[in-house]
Structure formats: C-alpha cells, structure tokens
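Below is one structure, written out as structure tokens; the observations come after it.
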Amino acid sequence: MILQQIVNGISIGAVYALIAVGYSLVYSVLNFSNFAHGDVLMLGAYIGFFSLMLLKVPFPLAIAMAMVGAGIIAMIIEKIAYRPLRLRRAPLLYFMISAMGMSIFLQNFTIVTIGPNFRTYPDIFPVKPFAVGNLSIGRLDLVILIATVIVLLLLTWLVYKTRIGIAIQAAAYNMRVASLMGINPDLIATLVFLLAGASAGIGGVLFGMKYTVYPWMGVLTIKAFVAAVVGGLGSLPGAVVGAFVLGITETFAAAYISSAFRDLFSYLLMTIIIVARPAGLMGTVAQEKA
Amino acid sequence: MSGYFAGIVILTCVNLLAVLGLSLLTGFTGSFCFGQAGFMAVGAYVSTLLTMRLDAPFPLALVAGCFASLLVSIPLGYPTLRLKGDYFAIATLGFAEATRLVVENLEKITGGSRGIPSIPTQTSLPVILIVALFCVWLIRNYVSSRHGRNCIAVREDQLAAEAIAVNTFRYKQISFAINAALAGLSGGFLAHYVGFIQPSMFGIPKSTELIAMVIFGGMHSVTGAVLASIVLTALPEVLRVASAWRLVVYGALVVTIMVVRPEGLLGSWELSWSSLRELRSAWQRRFQTQS
C-alpha cells in the first residue's frame, strides 16, 4: 500500500517536475516568476489536442507541434509583456503584474474563442495498468515518467554542456557582467522562454492526457510553482527534487489524511519550507544588493 | 433614486472597499496580493453565519467579519512578507484557493459549493456610502501620514528604507492587515446586499478584477482607486458587456498599462483643494500664453 502511494506520488511528481523546471529556468535568468507559464502550458495542451483530433497527426508529431507552438508563444509573450519592462529596468512588481495580466488575457481569450468546455484526449495508450507484484502502474504514468526523464536529460545537457547553456548560466549568475562578455541578454531571454515554453508544451499534452484540457487548467500549475519554491526557485535540480517531494506528500496526504484537503497540505509544505529554509531545499541564499 | 441605480452605487462601494485595501497594499506598499477575493470570502461567510445562525445584529456581524479577515492575514503574512514579492503573491493566491476549498468542503456549516441562500438583505445605500467615504478619508490620511510615507519608502527601495530605520516588515504587515480588514468588510456588505453567497463568487476572476481596478486607476493614487472602482463597476453594468470579453480586455489593459504607462490613469495625482487649484492655475497659464 505504501509502495503504491509512492508510485502514485512519483507519477504526479513527474508532471510537476516538467512544469516546475520552466518556472525555475525563467527565474534563474530573469529573477521573476513567470505567472503566465501555466497558460502557455494550457495553450500547448490545446495545440496537442487539436493536432491529434483535427489534423490527425501521429502522437509523437503532436507532442513536437505542441512543444514548438508553446515555445513560440512563450517567446512572443516575452517580447510583448516583459522585454519593454526589462529594458526599462522596471521594478519586480511590474513584472509580476504584467505576467498576471498576460495570464488573465490568455485564459479568457481561450474561453471566448475556443470555449469553456472540458475536452478529453483520446486514449492513445491502453488504460489497463501494468501489474508488478502487488503494484499497479498506469501505462500513461510510465509514458509521462519516461518523457519527463528524456526532457530533463535534454535540458540538463543543453544547460550544462553546450556553449549556449554556458551563456545561459553566465546570464543567470550575473546578467550585466555576462552582457559585457559579449552575451546578448535579449537573445538569452528569448532562448530561455523558448526552452521554458517547449517544456510547458509537452507538459501540457501530458497533463491534458492525465486529466482534461480546459482554459483555466493553467491554475493547476500553481502546484508546480509551489514545487519550484520548495526545491529552491532558480535551481533546476531543485525544481525536480521539489516536484517529487510535493507529489509524494500530496498522495500521502490524500490517502491517509483527507483527499478533499489535499491542496492544503501542498501550501502547508510550502509555508513550512519557506519559513525554515527561504531558499528552498537546493537553492542558495542570495543577499540582496543595492 | 431608482432601485437599479442604487444597486450600482452599492456594488461600486463594495468594490471600492476591497480596492482601497489593495491600493494601500499593492499600490503604496508594493506587495502584490492576488488573493483579495479570499479575504472577501472570509468576511462574507463569517458575517453571514453570524446573522443567519446566531441572529447577531448586522453591524456586529460586519465588524466580526472584518476582524476575522484581519486575523487570518497575520499568520499568512508573517512567513511570507519577509521574503521576495513572488512568494507573497503566490501565497495569497494559494490562500484564496485554500479558502474556497475549505468553504466547499465544510458542507454542514457553509452549504458547500451550493452556498447560502436567502441572507437578510440589510445593506442599505446610505450606510455603505458613509462607510466607504469614511474609509477613503481614512486611507487618504494614512497614506499622507508619516506611516504612509514609510510605506512608500518600502515600495520604492526596501534596502534604502531599512537603512533609514524603517521597519519594512512591520509596515508591510500593517498594510496587509488593513487590506484584509477592508476586504472582509466589503465581503460582509456584499453578502448582505446580494442575499446569496457561494464559493465561486470569490474565485480568481474576482481577485483579478480588483487588482485590475487598482492598476487601471493608478497604483500610487487613492483618487485613482476610487475613480477606477466607479468606472469599472458601473461601465460593464450599464453597457451589459459579456463578462468573458470584459476579462480579456482587463488582461490586455493590465499588460498595456505596465508596458506603456505603469503609473496608471492618474499616476500619483490626488484630488484635493490644492491639486485642483494647481490644475486651475496651470490651465490659466496655458490660456494666457495662447492669447
């Protein structure tokens, strides 16, 4: 029973990890939380859904289209809503408000144009779960876990091993000094949003398959943000660790305490973490400088 | 005065009370709160349960709702206001969602997601108008007092404010408490005007609408908050705009304002005798140079 709950927790944690990485990536370079990330995920889920249902493309291609589409949308959002503020060195508050505005716009624009109804992805993988001993593992959960691992490995390779990744790391460390070393901050911002958007795209498709697709599904990614905070905002390994910690905490709270109040435990976990360790599990404390 | 018009004025005052709090917290103190509807829900439910279940007199229930909301803000602000704004914003959003969750699941007390019907409608126009005007006066004075200046210092540069011995955490907490109290009051009035409450009335769209009003009017101006509450409550009501498109426009407006004119409609301009006189003399100067 406990083992089964851990398996369930990992499968939820995998989806959270995919989304939390996007929050952390943007935060590490631009130092603000992109609250419109969840809505990019929602649009990614719709792109995947419509390319499967209307264009009848095969599943892997649908995922690719969702990733590319969501990546481009995230890039456009950065250009419209954040770049002018960044160039003006606007205070953090304005970034958050702009992100919220973007989120409100995308969500309600989708409600008005596509409609507020819930849409269900077709069953691509058989619903019948694997049975390993007493454990039952959903096929979809396994696919999600594998996809998450692949995306995370790709991202790790990109950020830690390539020239571009080193430029992103430099920008994350200090954007101003990095720009003196010939790194174009605008290009880095575009790139970071492209990567975050693409991971949100695949996250959206998997999320949509596990649950359903609807215009305000982005709100659910608050949990992924909580995961990023628990792990330490701005740290990629932290986001992944935080996601699994949160996923397992949630399933245990739902199974043994109360399923109705599951979300309360996520917020409680976040509050405890930020009181005890404001930088999160894996983050480093950055002293504010004038 | 016809009932319809009176209704719009009452709704404007309800929104105004919640927007005033947000204006102090987000506009003047610089902490982005995205869970205003949660505090309204606390005020609405506490006051309604008191008048319906315990037959408490309406004014007492209102004050109780106001205090309940204030009390909730203390443990919420204590861990989160010390940290960077992001944590606070998400904590308030989480709080609003958690409140909705609790209300929906305590079915025996709150009626669950179906809500509480047939609440005695005791909110009357003169009372709410006087309360709202009093609160505007109160916030105006607070903002232009020494404490209000300290709040603005916290918003502009927290580090510099600390360097001149402003207790930034305390001022943020005070603003947060005032904000919660005003939202609670607003929720109590709302419940006893509409005569019916349910959790979905206090969802994210409501918080969104309120924050949009603050930003639209000008984050650094109480006059702007008042003006925005009047315009953004009355206009959709009069024009009968479908609510979904309204929120699309709000979202686009908020981004546009942040990008083009972050100080909002009025910036930091305040309505007062001296500012009116300045306006008049500026207008006269322009008139003289033309002739």
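We name chains A, B, ... by the order of the sequence lines, and we start the count at 1 in each one.
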Honestly, the part of A/Tyr27 sitting under 4.5 Å from a heavy atom of chain B is side chain
Over 12 foreign heavy atoms within 6.0 Å of OH, B/Tyr78:
no
- [ ] Answer whether the closest heavy-atom distance between the side chains of A/Phe105 and B/Leu253 falls below 4.5 Å.
- [x] no
Derivation of the side-chain contact (heavy atoms from CB on, under 4.5 Å) call for B/Val248 and A/Gln107: CA-CA 8 Å; B/Val248 175; A/Gln107 219 177 85; over 6 Å; no
Are A/Arg83 and B/Val259 close enough that some pair of their side-chain heavy atoms sits under 4.5 Å apart? no
Applying a strict 4.5 Å limit to non-hydrogen atoms, the region of A/Ile97 in contact with chain B is both
Assert top hit (heavy-atom pairs under 4.5 Å, partner chain A, pool B/Ile90, B/Val254, B/Asn105) equals B/Ile90
Between the CZ atom in B/Phe32 and the CG atom in A/Leu92, the distance rounded to the nearest 0.5 Å is 10.5 Å
When rounded to the nearest 0.5 Å, the distance separating CD1 of A/Ile104 from CG of B/Leu247 is 7.5 Å
Taking every heavy atom of A/Arg88 against every heavy atom of B/Met258, the minimum-distance pair comes out as NH2-O, 3.0 Å
Min side-chain heavy-atom separation B/Met219-A/Leu93 under 4.5 Å: yes
The interface call for B/Ile211 against chain A, heavy-atom contacts under 4.5 Å, is neither
Turns out that what part of B/Glu156 lies under 4.5 Å from chain A's heavy atoms comes down to neither
Most contact-rich option vs chain A, by heavy-atom pairs under 4.5 angstrom, among B/Leu101, B/Thr80, B/Leu93, is B/Leu101
The interface call for B/Phe34 against chain A, heavy-atom contacts under 4.5 Å, is side chain
Honestly, the part of B/Ala252 sitting under 4.5 Å from a heavy atom of chain A is both
The interface call for A/Phe95 against chain B, heavy-atom contacts under 4.5 Å, is neither
For the OH atom on A/Tyr173, are there more than 12 heavy atoms of other groups (residues, nucleotides or ligands in this structure) within a distance under 6.0 Å? no
When rounded to the nearest 0.5 Å, the distance separating CD1 of B/Ile204 from CE of A/Met100 is 8.0 Å
Distance col, row B/Leu76:CG vs A/Tyr267:OH, nearest 0.5 angstrom, shows 12.0 Å
Residues B/Ala89 and A/Met96: closest non-hydrogen pair is CB-SD, 4.0 Å
